[in-house]
Amino acid sequence: MTIPNGINHGIASKSIAICDTQPVTAEGIRTLLGTHPDLGFQESSDSLGRALELMKQHTPNVLLIDKAFGIQAILECLNDSRMASPDTGVVIWGVSVTEAEALRFLQAGARGILKKTASVAVVLACLRTVAEGRSWMEDSVFRDSSRSDRYPRSELTAREQQVLELVEQGFKNKEIAQDLGIRPGTVKIHLKHIFEKTGVRGRYGLALSGLKERGLISVPA
């Protein structure tokens with residue numbers, strides 16, 4: 001199902017498209033954007049295939065995709081979207097998003113992660129940020145991976161830095177061991193020390209924090 005064009009024709013308007021499993025949600029976004037001249041509702045679809053067609057035809061500034069379509073289907077869509085419309089920033093939103101899921105989406109090319117429970121102000125901030133070509137991560141996704149400043153990142157040894165960099169790239173322990181020529185058990189020891197020094201809990205937290213520190217994602221204060 002496609003909801004026809006409802007773009008705000010203001011010169012500074014950024015176009016927003018949505019692909020959601022629930023048409024009523026798209027209507028809610030349309031209504032919301034109707035009160036904000038800088039953001040224009042472009043079009044809506046309830047299938048990923050149609051969403052890709054819309055991206056090719058209209059190149060929206062932002063495409064909001066419902067996580068309910070399924071992780072694998074969304075990852076494939078993200079891969080296809082890079083060719084269909086590389087200038088469109090894709091935002092994945094869902095009722096719940098884990099660190100692991102957020103990391104996979106970001107590594108696949110998503111520029112925004114948002115929860116459907118977010119406030120109107122947060123939704124608008126996310127859409128504006130991604131429309132401007134930057135990336136966005138809702139703060140609550142980092143809730144369990146906030147980093148302590150007791151130990152600066154520079155306190156890590158050279159080997160720990162190597163392990164951390166590979167974790168941030170999504171490598172698994174066995175892959176890290178093979179790449180560095182060490183045992184998987186040694187990788188676990190290095191990770192334990194990294195967790196202690198950075199104050200981050202979990203490998204996904206490390207990867208997300210790495211993206212944050214490099215400025216690849218924006219997290220609201």
Can you give me the closest heavy-atom contact between [X] and [Y], atom names plus distance?
{"X": "Arg111", "Y": "Gly89", "answer": "NH2-CA, 3.4 Å"}
{"X": "Leu78", "Y": "Gly109", "answer": "CD2-C, 4.4 Å"}
{"X": "Val123", "Y": "Leu32", "answer": "CG1-CD2, 4.3 Å"}

Same hydrophobic cluster for Val24 and Ile16, using side-chain heavy-atom links shorter than 4.5 Å among ILVMFWY?
no

In the single-linkage hydrophobic clustering (I, L, V, M, F, W, Y; side-chain heavy atoms under 4.5 Å), do Val130 and Val120 co-cluster?
yes

Is a donor from one side chain sitting under 3.5 angstrom from an acceptor on the other, for Ser15 and Asn61?
yes

I'd like to know whether Thr88 forms a side chain to side chain contact (heavy atoms under 4.5 Å, CB included) with Ser81, so could you lay out the CA-CA distance, the side-chain angles of the two residues, the decisive distance to 0.1 Å, and finally the verdict.
CA-CA 8 Å; Thr88 297; Ser81 70; over 6 Å; no

Determine, stepwise, if the pair Trp93 / Thr117 fulfils side chain to side chain contact (heavy atoms under 4.5 Å, CB included).
CA-CA 9 Å; Trp93 74 333; Thr117 53; over 6 Å; no

Do [X] and [Y] come close enough that some side-chain heavy atom pair is under 4.5 Å?
{"X": "Arg128", "Y": "Leu124", "answer": "yes"}
{"X": "Asp46", "Y": "Cys19", "answer": "no"}
{"X": "Leu206", "Y": "Ile194", "answer": "yes"}
{"X": "Leu180", "Y": "Gln162", "answer": "yes"}
{"X": "Ile113", "Y": "Trp136", "answer": "no"}
{"X": "Arg159", "Y": "Ile182", "answer": "yes"}
{"X": "Ile65", "Y": "Val90", "answer": "yes"}
{"X": "Leu54", "Y": "Pro60", "answer": "no"}

Can you pull out every salt bridge (Lys or Arg N to Asp or Glu O under 4.0 Å) where at least one residue sits in residues 65-75? Sequence neighbours excluded, please.
Asp66-Lys116, Lys67-Glu101

To the nearest 0.5 Å, how far apart are [atom1] in [X] and [atom2] in [Y]?
{"X": "Leu106", "Y": "Ser135", "atom1": "CG", "atom2": "OG", "result": "7.5 Å"}
{"X": "Arg203", "Y": "Leu166", "atom1": "CZ", "atom2": "CG", "result": "10.0 Å"}
{"X": "Leu127", "Y": "Leu39", "atom1": "CG", "atom2": "CG", "result": "6.0 Å"}
{"X": "Phe41", "Y": "Glu27", "atom1": "CZ", "atom2": "CD", "result": "7.0 Å"}
{"X": "Leu63", "Y": "Glu43", "atom1": "CG", "atom2": "CD", "result": "11.0 Å"}
{"X": "Leu103", "Y": "Thr98", "atom1": "CG", "atom2": "OG1", "result": "9.5 Å"}

Assess whether side chain to side chain contact (heavy atoms under 4.5 Å, CB included) is satisfied between Val91 and Cys126, documenting all intermediate values.
CA-CA 8 Å; Val91 175; Cys126 173; 3.9 Å; yes

Take Val97 and Ile92 through the side chain to side chain contact (heavy atoms under 4.5 Å, CB included) test and state the conclusion after the steps.
CA-CA 9 Å; Val97 183; Ile92 309 300; 5.9 Å; no

Contacts of type salt bridge (Lys or Arg N to Asp or Glu O under 4.0 Å), residue Glu53, not counting sequence neighbours:
Arg50

Using the side-chain hydrogen bond (donor to acceptor under 3.5 Å, both in side chains) rule, collect all pairs that involve residues 177-192, keeping only residues at least two apart or in two chains.
Lys192-Glu196

Any sub-3.5 Å donor-acceptor pair from Thr129's side-chain atoms to Ala125's backbone N or O?
yes

Is there a salt bridge (charged side-chain N to carboxylate O under 4.0 Å, His left out) between Lys197 and Glu160? Walk through the geometry before answering.
CA-CA 10 Å; Lys197 291 181 178 181; Glu160 289 167 354; 3.0 Å; yes

